[in-house]
*Asks:* 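Quick one: the structure is below, questions incoming.
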Amino acid sequence: MTWASWTTRGVYSGHGGVLTEEVGPLSGDLTVHTTWADDTAQITVQYTGAADWFTMSGSPVPCSSEEDSRALHEAVVEAVRLGSAARVPTALPEPDRQAGKTPSE
């Protein structure tokens, strides 16, 4: 079995915080954790330094590769920073393109 995980501490949520399955919205200084295994990503959040973890609304999600799960983790961190009762994004951001190139090049 292949798996990977990422944790980002000190993510300050935007107004409205992040929506969780267990307790509703959390806001403030949060830690975001993503675990990827068996083509599935599980995303949890906690108040930084606390013991309890909560499932972010929209988790788990299908995720076909370790690379995609890392991109998903980064997208989740950005969603938490934006707030507005953030949920797990349903689409990954497009890969960065080289400057000056159009998608047809």
*Asks:* Taking atom CH2 of Trp36 and atom OG of Ser64, what is their separation to the nearest 0.5 Å?
*Replies:*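 Interatomic distance, Trp36 CH2 to Ser64 OG, rounded to 0.5 Å: 8.0 Å.
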*Asks:* In terms of hydrophobic clustering (I, L, V, M, F, W, Y; side-chain heavy atoms under 4.5 Å; direct or indirect links), are Leu30 and Trp6 co-clustered?
*Replies:*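 No, no single cluster joins them.
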*Asks:* Can you tell me how far the OG1 atom of Thr44 sits from the CD atom of Glu22, to the nearest 0.5 Å?
*Replies:*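 The OG1 atom of Thr44 sits 9.0 Å away from the CD atom of Glu22.
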*Asks:* Is the closest side-chain donor-acceptor distance between Thr48 and Asp29 under 3.5 Å?
*Replies:*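 Checked: Thr48/Asp29 side chains pair up, N/O donor to acceptor below 3.5 Å.
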*Asks:* Decide whether Leu72 and Leu19 are clustered together by the hydrophobic rule: side chain heavy atoms of Ile, Leu, Val, Met, Phe, Trp, Tyr closer than 4.5 Å, transitively.
*Replies:*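 No; tracing contacts between hydrophobic side chains, which count when under 4.5 Å, never links both residues.
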*Asks:* Quick check on the 6.0 Å ring-centre criterion: do His33 and Trp53 meet it?
*Replies:*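 Yes, they do, as the ring centres are separated by less than 6.0 Å.
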*Asks:* For the residue pair Gln42 / Thr35, report whether a side-chain donor-acceptor contact shorter than 3.5 Å exists.
*Replies:*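 The criterion, which ignores hydrogens and geometry beyond distance, is not satisfied for Gln42 and Thr35.
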*Asks:* With salt bridge (charged side-chain N to carboxylate O under 4.0 Å, His left out) as the criterion, how do Glu74 and Arg70 come out once you've worked through the C-alpha distance, each side chain's angles and the decisive distance to 0.1 Å?
*Replies:* CA-CA 6 Å; Glu74 293 301 321; Arg70 177 64 178 166; 3.2 Å; yes
*Asks:* Decide whether His73 and Thr8 meet the rule of one side-chain donor and one side-chain acceptor closer than 3.5 Å.
*Replies:*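 Present: a donor and an acceptor within the cut-off.
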*Asks:* Does Gly17 offer a backbone N or O that forms a donor-acceptor pair with the side chain of Ser27 under 3.5 Å?
*Replies:*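 A pair under 3.5 Å: no.
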*Asks:* Check for me, please, whether Val80 and Val88 land in the same ILVMFWY cluster - side-chain distances under 4.5 Å, paths through other members count.
*Replies:*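 Hydrophobic grouping puts Val80 with Val88.
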*Asks:* So, do Tyr12 and Arg81 sit near enough that their side-chain heavy atoms are less than 4.5 Å apart?
*Replies:*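 Side chain of Tyr12 against side chain of Arg81, heavy atoms only: no contact under 4.5 Å found.
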*Asks:* Calculate, to the nearest 0.5 Å, the distance between atoms CG and OG1 belonging to Asp52 and Thr20 respectively.
*Replies:*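 That separation rounds to 11.0 Å.
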*Asks:* Indicate, with yes or no, if Val18 and Val32 share a hydrophobic cluster defined by side-chain heavy-atom contacts under 4.5 Å among Ile, Leu, Val, Met, Phe, Trp and Tyr.
*Replies:*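 As far as the 4.5 Å side-chain criterion goes, Val18 and Val32 are connected within one cluster.
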